[in-house]
2 protein chains.
Amino acid sequence: MTTGQRRLRADAQVNHERVLEAAARAFAQEGADTSLKAIAKNAGVGIGTLYRRFPTREDLIEATYRRETERLAESAGELLGRLPPEDALRQWMEGFVGYVMTKNGMSEALPGILAAREGLRTHSRDLLCAAVDRLLRAAVAAGTVRDDVPAADVMMAAGGVALIASHESQRDLASRLLDLVMAGLRLTASLGPPPPRRPGTGSPPPSSS
Amino acid sequence: MTTGQRRLRADAQVNHERVLEAAARAFAQEGADTSLKAIAKNAGVGIGTLYRRFPTREDLIEATYRRETERLAESAGELLGRLPPEDALRQWMEGFVGYVMTKNGMSEALPGILAAREGLRTHSRDLLCAAVDRLLRAAVAAGTVRDDVPAADVMMAAGGVALIASHESQRDLASRLLDLVMAGLRLTASLGPPPPRRPGTGSPPPSSS
DNA sequence: ACTATAACCGGAGCCAGCTCCGGTTAAAGG
DNA sequence: CCTTTAACCGGAGCTGGCTCCGGTTATAGT
C-alpha cells in the first residue's frame, strides 16, 4: 500500500510476490550467492522476469528484506519506551548489526542501500535513518550525547561496523566497535566500554530481544 | 610452518611478475571488475596459470597492492616524526581510507584482508596492524588517548570507515567518521571534530583503571 | 650428456550472471 | 463479444568466472 509505483498488471503482481518468496527461501538456505536462475525457476518465472523487476542483485536483496527492515526501524520506538535514550541507541545499533550479520546477503547490499541517493532503494535507507534520528535526538535531549553529529553519520558508522564485522561474523568485535562509537558520541568521556555490567567471562548474548 | 615458500621454478617466477604487472595496469584502467581472462591474456599466460597462483580475486588484489600497502604501513614512522602522536594517528587513518578509496578493487578485498586468519593474506593485515599499534602506543604514551582499545580494533574501525565511505567515494563522510573514532579514543571528551590542538607534552600515567 | 620426474603451462569446458527480443496476454474501448 | 495495444513473459545467447587435465619443460641425479 505504501508503494507509490504505478499499478502492475495482475499477473505481474503475482509474479512479483512469488519471486520475493522464492528469494527469501533461497537466501536463507543457500546463502548470499544463490543462483538467481534457480530463484527464478523456483518461483515459476523466467529469468528475464526476475531481472526486469529487480535489475540488480542488490535490488532483490533489498526488496526481500524490506519487511524486516521496517520492523527493525520500528523497534526504535519500543526500545525508547523501556530504556534510557543512550542505552536504547546503543541497543538498536547492536540489533542493526546483528540483523545485517544474520540475513544472508545483507552485508553485500548494505553499501548500496545506505549510499542510495539514486534509484528506489532510498526507502530502506530513509527508514533506518529516521530511526537513528529519533534515537539520537532523544539521547541528545537527555543531555548525555553530543548534538553535533548528524543522524546519517551515526547510521553510516553503524553500517561500517556491520560491514567490517560481517566477515566471519565477529560479533564481539562489532560490540567493541559500537562501544567505541558510543564513546565518541558521549559528551562525558566515559571509558568503560560495557556500562555497569559485569557478568563475568564467557558472553553468550542471545540477541533475541 | 616457518619454512618460506619453496622457490618457484624460474619460468613460474617470471610469469608471476608479469601477471602482477598486468593486474596493476588493468585495475588502474578498467576498475575493480576487470576480466581476469583479459589480465591473463595481457600478461601472456593462460587463465589456468593465473588461477593457480591467485586462487581468488582477492588474492590477486592483495598481491597487486602489496608493495603500496607496505609503503602505507611504513608511513606511520614518518608521520610520528613530524606530528604529535594523536595527529599522526588521525592522519594515518585518513591516508588509509584514501588509499582504499583510490585503489580500485581494494574495498572489495579489504574485508578478506583484515579478517584474514587463514591463508596467506595475513601479511598485509599484520603490517597494517603493526602500523596502527605503533601510532596508538605513541598516542597512549602521550597521554591523550585511552589505553584499553586494542590496535586491531582501531584498524578494524578504520577499515569500517573505509568500507562504508568507499561507495560513491564520500571522502567528507569518511573524514567525519574518523573524527568520531578519534573522539571515542580520546581520554578527554573534546567535541569539535577538528582537534583543538593540544600538543601537551609529558603527562605519563593515565588514570588508574 | 642423458634420463626420470615433478612442477608448470594453458586452454577446453562447465556454469552463472545478465541482456535482448519475439511471442503472449491482460485490460480498455467499440 | 471482438479488436486493439501496451505491457508482460521467458528463454536463447553472449560473456566472464573458475576447474580440470593432457602436454611441456626445468631441474636433479647418474
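Per chain, numbering begins at 1; letters A, B, ... match sequence-line order. Predicted, not measured: the structure shown is a model, and the values here were computed from it.
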B:Ser166 side chain to B:Ser169 main-chain N or O, any donor-acceptor pair under 3.5 Å?
no
Without decimals, in angstroms, what is the distance between B:Tyr51 OH and C:dC9 C1'?
16 Å
Is the distance from OP1 or OP2 of D:dC9 to the nearest side-chain N or O of A:Asn15 less than 4.0 Å?
yes
Toward the 5' end of DNA chain C, which comes first, B:Lys37 or B:Ala12, by nearest nucleotide?
B:Ala12
If you count every heavy atom of other residues, nucleotides or ligands that lies below 6.0 Å from B:Arg53 atom CZ, does the total exceed 12?
yes
Base, sugar-phosphate, or nothing: which does B:Ile47 touch, judged by heavy atoms less than 4.0 Å apart?
base
Within less than 4.0 Å of OP1 or OP2 of C:dA16, is there a side-chain N or O belonging to A:Ser35?
no
What is the separation between atom CZ on A:Arg53 and atom P on D:dG10, rounded to the nearest whole Å?
11 Å
Pairing donors with acceptors under 3.5 angstrom, does anything connect the side chains of A:Tyr99 and A:Thr69?
yes
Taking CZ from A:Arg52 and P from C:dC21, how many angstroms apart are they, rounded to a whole number?
14 Å
Measure the distance from CD1 on A:Ile61 to C1' on C:dG17 and round it to the nearest whole Å.
14 Å
What is the distance, rounded to the nearest whole Å, between atom CG of B:Asp33 and atom P of D:dT15?
16 Å
Euclidean distance, atom CD of residue B:Glu30 to atom C1' of D:dG16 [Å, nearest integer]:
13 Å
Is the phosphate of D:dA6 approached by A:Arg9 (side-chain N or O, under 4.0 Å from OP1 or OP2)?
no
Closest-nucleotide ordering on DNA chain D, the 5'-leading residue of B:Ala10 and B:Gly48
B:Gly48
Name the nucleic acid region contacted by B:Thr56, choosing base, sugar-phosphate or nothing; use a 4.0 angstrom heavy-atom cut-off, strictly under.
nothing
Verify the distance criterion only: is there a donor paired with an acceptor across the side chains of B:Ser175 and B:Asp172 at less than 3.5 Å?
no
Spacing of A:Ile39 atom CD1 relative to D:dG10 atom P, expressed in whole Å
16 Å
Any salt bridge (charged side-chain N to carboxylate O under 4.0 Å, His left out) pairs touching residues 71-82 of chain B, not counting sequence neighbours?
B:Glu78-B:Arg82
B:Val45 has a side chain; which of D:dA12, D:dG10, C:dG10 sits nearest to it?
C:dG10
Separation of C:dG11 C1' from B:Leu50 CG (nearest whole Å):
14 Å
